[in-house]
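Single-structure report; data block below.
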Amino acid sequence: MSWSVTAVIPACNSGKTIECTLRSVLGQSVRPRAVIVVDDASTDDTRERVMAFGDRVTLLTRDRNSGSADIPRYQGVEAAPTEWVALVDADDLWETNKLEQMGLAIEAQPDIPLWHHSVRVIDADGRGERIRHAGAIPGTGQIGPALLERCFICTSAVVVRREAWLNARSLGDLGGYGTGWDFFLAIARNHPVGFVNQVLGSYRYTTTSISRKNWRRYSRDVVGMMRIDRNRLWEGIVSRADMTRILKEAFCEDADLHRDAGQPLHSLWFCAGGLIHRPLDAGLWMRTAKALGRMFVPYRPTAS
């Protein structure tokens, strides 16, 4: 292959998983030209475990924690010596042929600046066969409107042109959880996005994952969607009316899910969020009434 790629790994207190991640990156059938780990002020033994790999890995360190994986990731991309960068989080894994298959796709369509692939979902022990967003990921093309509905791109599945990533957002725009979505939208606004429909990696999803701990992000990440709306990242992709509709539908879906899970207060939070955007929406008012009713008449599913 004519292409070369740098693997970039942001890490924070990742001592339990970083070695497995690095072995999956260094064990590729087509090896990366460089591997960069950016340690975000870890307080465990992450740095020592990375340093044990010697000169096969470049370790960059931050003295103060950034509070966002996207900040050390951005710094790693800045330091990459290659045109292409492959992103991976410090608890995720790559299949041995991941870079080989992504390279073939890129060589076939080199004008596409961002590519991703399917991933399986694994637990803390590396077990699991469920495919993340199986059957719901659009193929290669203009995916901006679909991406506003839900972030189906897994960061650890992304291979991107270095300049496209750095130009998508600035370091000052970043902070908090999930701003990788913002990068994807910025690139998808002006370019097609490539998708390789093969399972070429594993995404670790555990009880300590932010998306599990923060019920406001389950199952649609309405917190991220509100940030996207507030920063007008939908402009050039959909109309204002369409973005308002997308938000409303997400709030409704989560309101229903939490109400039926026996969490009426959570459901009311989603109803209120939706009403901020659509104050006269009859469906949201109906859901509000149902959530209030559920507080006094608990839901008891019938036995099958």
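What you are looking at is a predicted structure, and each value in this text was computed from that prediction instead of being measured.
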Minimum-distance pair of heavy atoms, taken over all atoms of Ala7 and Pro32: N-CB, 4.3 Å
Going by an N to O cut-off under 4.0 Å, is there a salt bridge joining Glu95 and Lys98? no
Salt-bridge criterion met for Glu253 and Arg150 (N-O under 4.0 Å): yes
Taking only residues two or more places apart in sequence, or in another chain, which ones meet Ile122 in a side-chain contact (heavy atoms from CB on, under 4.5 Å)? Leu93, Arg120, Ser202, Arg204
Any idea which heavy atoms bring Trp234 and Ile228 closest together, and the distance? CD1-O, 3.8 Å
Using the side chain to side chain contact (heavy atoms under 4.5 Å, CB included) definition, which of the options Glu163, Arg162, His191 pairs with Pro113? His191
Step-by-step side chain to side chain contact (heavy atoms under 4.5 Å, CB included) determination, His277 to Lys248: CA-CA 7 Å; His277 299 278; Lys248 178 252 183 178; 5.8 Å; no
Could you list the residues that satisfy side-chain contact (heavy atoms from CB on, under 4.5 Å) with Asp111, not counting sequence neighbours? none
Has Met286 got more than 12 heavy atoms of other residues, nucleotides or ligands less than 6.0 Å from its CE? yes
Identify, with sequence neighbours excluded, every residue that meets side-chain contact (heavy atoms from CB on, under 4.5 Å) alongside Arg216. Asn214, Val223, Trp269
Can you name the residues that form a salt bridge (Lys or Arg N to Asp or Glu O under 4.0 Å) with Arg278, not counting sequence neighbours? Asp281
Are Leu268 and Phe296 connected in the hydrophobic side-chain network, where two residues link if heavy atoms are under 4.5 Å apart? yes
Could Asp70 and Arg169 be called an ion pair, given the rule that one side-chain N must be under 4.0 Å from one carboxylate O? no
With side chain to side chain contact (heavy atoms under 4.5 Å, CB included) as the criterion, how do Asp123 and Tyr205 come out once you've worked through the C-alpha distance, each side chain's angles and the decisive distance to 0.1 Å? CA-CA 5 Å; Asp123 62 17; Tyr205 187 60; over 6 Å; no
What heavy-atom pair brings Met225 and Leu148 nearest, and what distance separates the two atoms? CE-O, 3.6 Å
Yes or no on side chain to side chain contact (heavy atoms under 4.5 Å, CB included) for Val160 and Ile187, after CA distance, side-chain angles and deciding distance? CA-CA 10 Å; Val160 62; Ile187 294 171; 4.0 Å; yes
Between Tyr218 and Leu257, what is the shortest heavy-atom contact and its length? CE2-CD2, 3.7 Å
May I ask you to decide whether Arg240 forms a salt bridge with Asp229, counting only side-chain N to carboxylate O separations under 4.0 Å? yes
If we only count heavy atoms from C-beta on, is the Val37 to Leu60 side-chain gap below 4.5 Å? no
Would you call Val85 and Val159 a side-chain contact if the rule is heavy atoms closer than 4.5 Å? no
Would you say that Met102 contacts Trp84 through its side chain, given a criterion of any heavy-atom pair below 4.5 Å between the two side chains? no
Fellow cluster residues of Leu284, listed by chain then number, with links counted only when side-chain atoms sit under 4.5 Å apart: Leu275, Trp285
Hey, what do you get for CG (Leu166) to OH (Tyr74), rounding to the nearest 0.5 Å? 4.5 Å
Output the distance between atom CZ (Phe251) and atom CZ (Arg287), rounded to the nearest 0.5 Å. 13.0 Å
What's the separation between atom NZ in Lys290 and atom CG in Leu292, rounded to the nearest 0.5 Å? 13.0 Å
Gln75 and Arg62: side chain donor to acceptor below 3.5 Å: yes
Taking side-chain contact (heavy atoms from CB on, under 4.5 Å) as the test, write out the residues that go with Ile276, two or more places apart. none
Could you tell me if the side chain of Val25 sits less than 4.5 Å from the side chain of Val88, heavy atoms only? yes
To the closest 0.5 Å, what do you measure between CD (Glu48) and OG (Ser42)? 9.0 Å
Heavy-atom nearest pair, Ile112 first then Pro192, reads CG2-O, 3.4 Å
Please tabulate, for the side chains in residues 10-18, all donor-acceptor contacts under 3.5 angstrom to protein atoms that are two or more places apart in sequence or on a different chain.
from  : atom 1 : to    : atom 2 : distance (Å)
Asn13 : OD1    : Thr43 : N      : 2.6
Asn13 : OD1    : Thr43 : OG1    : 3.3
Asn13 : OD1    : Asp44 : N      : 3.3
Ser14 : OG     : Cys12 : N      : 3.2
Ser14 : OG     : Cys12 : O      : 3.2
Thr17 : OG1    : Ala90 : O      : 2.7

Does any non-hydrogen side-chain atom of Phe184 lie less than 4.5 Å from one of His116? no
Working to the nearest 0.5 angstrom, can you tell me the gap between Leu99 CG and Ser29 OG? 7.5 Å
Decide whether Asp182 and Thr179 meet the rule of one side-chain donor and one side-chain acceptor closer than 3.5 Å. no
Do Arg33 and Val5 have side chains that get closer than 4.5 Å, going by heavy atoms? no
Is it the case that the side chain of Gln28 and the backbone of Ser24 share a donor-acceptor pair, with hydrogens and angles ignored and the cut-off at 3.5 Å? yes
To the closest 0.5 Å, what do you measure between CZ (Arg259) and CE (Met295)? 14.0 Å
If you take all heavy atoms of Trp94 and Leu87, which pair is closest and at what distance? CZ2-O, 3.8 Å
Qualifying residues under ring pair (Phe, Tyr, Trp, His ring centres under 6.0 Å), relative to Phe152, sequence neighbours excluded: none
Out of curiosity, does Val121 fall in the hydrophobic cluster containing Val199 (side-chain heavy atoms, cut-off under 4.5 Å, transitive links)? no
Partner residues of Ser156 under the side chain to side chain donor-acceptor pair (under 3.5 Å) criterion, sequence neighbours left out: Asp92
Glu249 with Arg220: basic N within carboxylate O range, under 4.0 Å: no
Residue pair Val38 / Arg73, side-chain heavy-atom distance below 4.5 Å: no
What do the steps show when you test Val35 against Thr58 for side chain to side chain contact (heavy atoms under 4.5 Å, CB included), and what is the final call? CA-CA 6 Å; Val35 179; Thr58 298; over 6 Å; no
Using a distance-only test with no angle check, is there a side-chain donor-acceptor pair under 3.5 angstrom linking Thr6 and Thr82? yes
Taking side chain as C-beta onward, heavy atoms only, is Val119 less than 4.5 Å from His117? yes
Salt bridge (Lys or Arg N to Asp or Glu O under 4.0 Å) partners of Asp39, counting only residues at least two apart: Arg47
Run the ring pair (Phe, Tyr, Trp, His ring centres under 6.0 Å) test against Phe270 and tell me which residues pass, sequence neighbours left out. Trp215, His258
Using a 3.5 Å cut-off and no angle test, enumerate the donor-acceptor pairs between side-chain atoms of residues 124-147 and protein atoms at least two apart in sequence or in another chain.
from   : atom 1 : to     : atom 2 : distance (Å)
Asp125 : OD2    : Arg127 : NH2    : 3.2
Thr140 : OG1    : Phe195 : N      : 2.9

